[in-house]
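Take a look at the structure set out below.
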Amino acid sequence: MKLASLTRSTLRSALVAALALTATACANKPLDPGSKEAATEVNDPLEVPNRFVFAANEAADVLVLRPAAEVYVAAVPNPIRDAIHNFIDNLMSPLYIANNLLQGNFEGAQFATGRFLTNTILGAGGIADVATQAGIPNRPEDFGQTLAVWGVGDGPYLVLPLLGPSNLRDTVGYGVDTVADPVRVWGYAADHKGALYARAGANAIDRRSHVLKEVDDLRRNSLDFYATVRSLRQQQRQAEIANKPVSGPDFPDFASAPKQ
Amino acid sequence: MGHMTVDNDSQAAISGPMMLTRRLFVACAALLAVSSGVGHPLVSSAFAQSADPGASVFMQKLGNDAIGTFSNKSTPKEQALQHFRALLHKGFDVPYIGRWVLGRYWNQASEAQQAEYQKLFEQLIVGTYAERFIEYSGETFKIVGALPEGETDTMVTTQIIRPSGPPVNVNWRIRKKDADYKIIDVVVENVSMGVTQRQEFSSVVQQNGGKVDGLIQALRQKVGKAG
């Protein structure tokens with residue numbers, strides 16, 4: 001009872017925040033076809049505090065997360081790592097389905113439902129991703145994307161402690177997804193908070209373990225790693241929201257075009 | 001280590017019945033998927049619009065050349081580096097990319113600065129990517145499609161198939177210049193390398209009070225460190 005009312009009030013405040021965002025940030029819709037040039041601009045008025053949090057996250061990564069992911073890759077055989085990844089992700093399916101529906105993407109909801117049923121029943125409770133093998137790839141949809149489809153602008157870029165790069169809209173979305181997450185609801189209702197912490201830890205290590213070499217490369221080759229990550233995150237996010245590649249800025253012909 | 005390795009290993013290691021079960025599983029999964037209304041495949045009709053077929057031919061040849069060059073592991077490193085440079089300039093319009101990446105700061109730079117920037121940019125590219133190509137470890141690629149991009153270019157879609165890990169989607173923006181094709185941007189999993197570098201360079205210039213010299217200084221340091 002108490003939990004339900006807490007959830008409801010959190011949801012309500014998240015909704016209010018989302019609506020406030022809609023009201024203030026409608027000006028820069030991410031899907032506006034005229035935003036070709038905006039693709040090269042990043043809205044980062046909080047750059048100074050963001051860089052501070054980014055540096056702290058980097059320290060946490062170098063000291064804790066990256067070593068943990070390395071040990072994980074070295075100690076746990078690949079099939080088991082795949083199973084853990086699939087299991088965690090399969091339990092997110094209800095959120096993907098709900099967000100597809102909220103976006104009015106019924107085909108996407110069917111895909112997500114098909115994946116969830118397939119992997120839960122034939123994939124031994126979600127540890128085997130048979131749906132991908134059958135040609136239904138995973139396509140996560142979160143509430144941040146839903147808000148974007150509803151026309152809410154990105155808001156300022158934010159680097160969240162431990163959670164990493166985000167923006168105001170996606171932070172609200174993350175809050176809503178967290179509250180609505182069925183696993184979390186179950187964890188609180190059945191008083192299995194330990195399981196939730198375990199999942200959060202496993203999830204972080206799993207995600208990090210997929211990009212060990214890539215992140216090392218980027219770190220080594222960047223002149224400004226903060227700006228590189230900010231750019232990567234924005235481009236990937238735009239494609240996730242649009243569910244297709246987003247056309248980038250113009251590539252003028254310098255030889256014949258007048259000077260920029 | 002991803003699905004591919006697992007599949008190969010398990011198919012090699014296990015006998016008939018297991019494989020049958022596996023195939024059965026996939027078939028059931030497909031059936032279930034269809035019955036829940038998830039029918040048609042996700043592959044888009046990449047050839048729907050007419051794209052310049054020459055761009056795909058060019059890409060195929062460049063890729064084959066690269067694999068042919070770097071799969072020979074007996075080449076001394078110095079020579080492999082030369083090969084990389086030759087392929088880079090054959091396949092990519094490096095001066096164009098360099099200028100595009102500098103964006104609006106190009107016109108603020110003096111001619112001397114532009115020249116030094118372009119030299120350092122080329123060295124940065126070589127420093128960043130040469131190692132990865134020289135340490136070639138059995139990746140292959142296949143061309144998935146080609147679409148016209150903008151008014152002049154062709155986007156050739158490829159999949160890089162890695163010996164370990166899931167395949168990576170890489171798109172190549174190719175522009176025809178006279179009779180030559182050149183790559184002017186690479187998009188890896190929806191991330192444009194050009195846009196990323198432009199935003200990074202722009203940030204470095206801004207951190208240095210809007211002066212291109214700050215970027216050139218940072219590039220000098222980076223390139224110097226890389227050797």
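Within every chain, numbering begins at 1; the chains are lettered A, B, ... in the order of the sequence lines, protein sequences first and strands thereafter.
- Of residues 205-214 of chain B, those residues lying under 4.5 Å from chain A by any heavy-atom pair are Q207(B).
- Heavy-atom contacts from other residues, nucleotides or ligands closer than 6.0 Å to CZ of F87(A) number 12 or fewer.
- Contacts of residues 204-215 of chain A with chain B at a heavy-atom distance below 4.5 Å involve E214(A), listed in sequence order.
- In this structure, P95(B) and F254(A) have side chains that are not in contact, with every pair of non-hydrogen atoms separated by 4.5 Å or more.
- In terms of the ring pair (Phe, Tyr, Trp, His ring centres under 6.0 Å) criterion, Y157(A) has no residue partners (sequence neighbours excluded).
- Atom CG of L232(A) and atom CG of N190(B) lie 12.0 Å apart (nearest 0.5 Å).
- The environment of OH in Y72(A) is crowded: more than 12 heavy-atom neighbours from other residues, nucleotides or ligands sit within 6.0 Å.
- Within the 3.5 Å criterion, the main-chain N or O of F251(A) finds a donor-acceptor partner in the side chain of Y96(B).
- D250(A) CG to E151(B) CD: the interatomic distance, rounded to the nearest 0.5 Å, is 8.5 Å.
- With a 4.5 Å cut-off on non-hydrogen atoms, Q197(B) does not touch chain A at all.
- Interface residue F201(B): only side-chain heavy atoms are found under 4.5 Å from chain A.
- Contact count versus chain B (heavy atoms, under 4.5 Å) is highest, among R220(A), R230(A), R51(A), for R51(A).
- Interface remark: E47(A) contributes side-chain atoms only to the contact with chain B (heavy atom separation under 4.5 Å).
- For Y129(B), the side-chain contact (heavy atoms from CB on, under 4.5 Å) partners two or more places apart in sequence, or in a different chain, are F84(B), I125(B), R132(B), F133(B), M193(B).
- Checked by atom type and distance alone, the side chain of E200(B) never pairs as donor or acceptor with a backbone atom of T228(A) at under 3.5 Å.
- Considering all non-hydrogen atoms of both residues, R175(B) and P252(A) come closest at NH1-O, 3.4 Å.
- Across every non-hydrogen atom of G127(B) and N221(A), the tightest pair is O-OD1, 4.5 Å.
- In this model, a donor atom of one side chain and an acceptor atom of the other lie less than 3.5 Å apart for T196(B) and Q235(A).
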